[in-house]
Amino acid sequence: MVRVVVQSADFDIGAEMAALTSGRADIGGIGSFIGTVRDTAHGARIVSMTLEHYPGMTERAMTQIAEAAVVRFNLLGCTLIHRVGPLPPGENIVLVLAAAPHRQAALEGAAFLIDWLKTKAPFWKKERFVDGSEAWVDAREEDDLAATRWGVL
Amino acid sequence: MVRVVVQSADFDIGAEMAALTSGRADIGGIGSFIGTVRDTAHGARIVSMTLEHYPGMTERAMTQIAEAAVVRFNLLGCTLIHRVGPLPPGENIVLVLAAAPHRQAALEGAAFLIDWLKTKAPFWKKERFVDGSEAWVDAREEDDLAATRWGVL
Amino acid sequence: MKILYFAWLRERVGCGEEDVALPEGVATVGQLVTWLRGRSPGHEAAFSQGRLVRCAVNQDFATPDAPVTDHDEIAFFPPVTGG
Amino acid sequence: MKILYFAWLRERVGCGEEDVALPEGVATVGQLVTWLRGRSPGHEAAFSQGRLVRCAVNQDFATPDAPVTDHDEIAFFPPVTGG
């Protein structure tokens, strides 16, 4: 019911959607979010983004977030896949799927999952620019704000 | 940038996602919603749902909704696919994709698109129950309420 | 004018589409509905349910006071339930 | 105890993981940080940036007053930026 994966390979949204929904007809809606690597950051062109994580704690935190979402929105299932390693612009970073009997829970479940993932799962992004320089991405205050609207874990 | 389709065949979310995002790296997030046929309605088991539409006006209304979403949320693109004809439980009904530079616009764009589609695009659902009886689905007041939070067209 | 019916209105009227010459004294959607109700028991059943009927004139949503002409495509249908 | 560093803390310290015997007088995360800062210029640079450092004890987020023991896995890292 809760599927949590950290991997360097890309994911296949069609296959993940099928795995989440196949063989059941109690689902009325699936909300989804995919995050992708943009080619610019603060106006500068980036050539790649590298995702680092904390093996063990990351999967643990993602599972806690997913289980909290299932309880809170009465989800029938959810999927959280996050990639790690170097990723060029245009590549997928993260996939969130939330299945529910009706659309509002599915959409809110997906929004909750990505908001919490962004503030509570131990991943860090480093950007590499065209001039060869690199910089760790700073946590964004608006991400913390977005997460606080859901209250505390 | 705006892709609107009414079809009886199923859609392929992977292919639609690729068509929306391929060759560009200015997208940071894609919000999505898929609506599916549930096997129960008001506690009764249904064997199929039939979707009727108003050819011409439906595509026109969907295009207006999609273009309004692009302007309102600064979307980089969006896709609206709605199926018609008889559909058994578990089948996909509708696909919404909204691509934006950042996640909030992508998620809100997808929510707006499905809320408006449900209240402003001329589709009608008829449910067929196990006992052979059929009934047109009544418009839900909560769908109208969901749409009003976005204001008027 | 072309008149279209969808969903349960189509079932009550008994057809999905009919061509009608603009009746005398009919200049608005509301007046057209009044005229249509006298056309057959099916039409009467379609429009007299006390249930909400929506209208589109030339594929845009329209209110009862919207004007109609002989060249218009007028559609009647229940509140929409797609998505 | 096992101590882990991630992202720019790892780069400043110069390694991602080190094993340390629980130092005398260290009973909390805050006391451990004070002790670590004296361990090398890299450690000092990692913890003295005036930038926010997060901590996890045994893979749960922890505050400076959280207790630490010799058998714990303690991780230090910047605020998270995934998603």
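In what follows, chains are A, B, ... by sequence order, proteins preceding strands, each numbered from 1.
With a 4.5 Å cut-off on side-chain heavy atoms, Asp60(C) and Gln64(B) count as touching.
Taking Ala56(C), Gly16(C), Pro78(C), Ala75(C) one by one and counting their heavy-atom pairs under 4.5 Å with chain B, the maximum is reached by Pro78(C). If you tally non-hydrogen atom pairs under 4.5 Å between each of Glu73(C), Arg54(C), Gln59(C) and chain B, the highest count goes to Gln59(C). Your options are Leu117(B), Val137(B), Ile114(B), and the one with the most heavy-atom pairs under 4.5 Å with chain C is Val137(B).
Residues Lys120(B) and Val80(C) approach most closely at N-CG2, 3.9 Å, considering heavy atoms.
Atoms NZ and OG1, on Lys118(B) and Thr81(C) in that order, are 8.5 Å from each other to the nearest 0.5 Å. Taken from CZ in Phe77(C) to NE2 in His53(B), the straight-line distance is 12.5 Å, to the nearest 0.5 Å. One finds the CD atom of Glu52(B) at 4.0 Å from the CZ atom of Arg10(C) (value rounded to the nearest 0.5 Å). Rounded to the nearest 0.5 Å, atoms CH2 (Trp136(B)) and CD (Glu11(C)) are 5.0 Å apart.
Using cut-offs of 30° and 60° for the angle between ring planes, the Trp124(B) and Phe6(C) rings count as parallel.
No more than 12 heavy atoms of other residues, nucleotides or ligands shown are found within 6.0 angstrom of CZ on Arg45(B). Counting non-hydrogen atoms of other residues, nucleotides and ligands closer than 6.0 Å to CD of Gln31(C) gives a total above 12.
In terms of modelled atom types and a separation under 3.5 Å, the side chain of His82(B) and the main chain of Gly83(C) share a donor-acceptor contact.
Looking at Lys126(B), the atoms closer than 4.5 Å to chain C (heavy atoms on both sides) all sit in the side chain, from C-beta outward.
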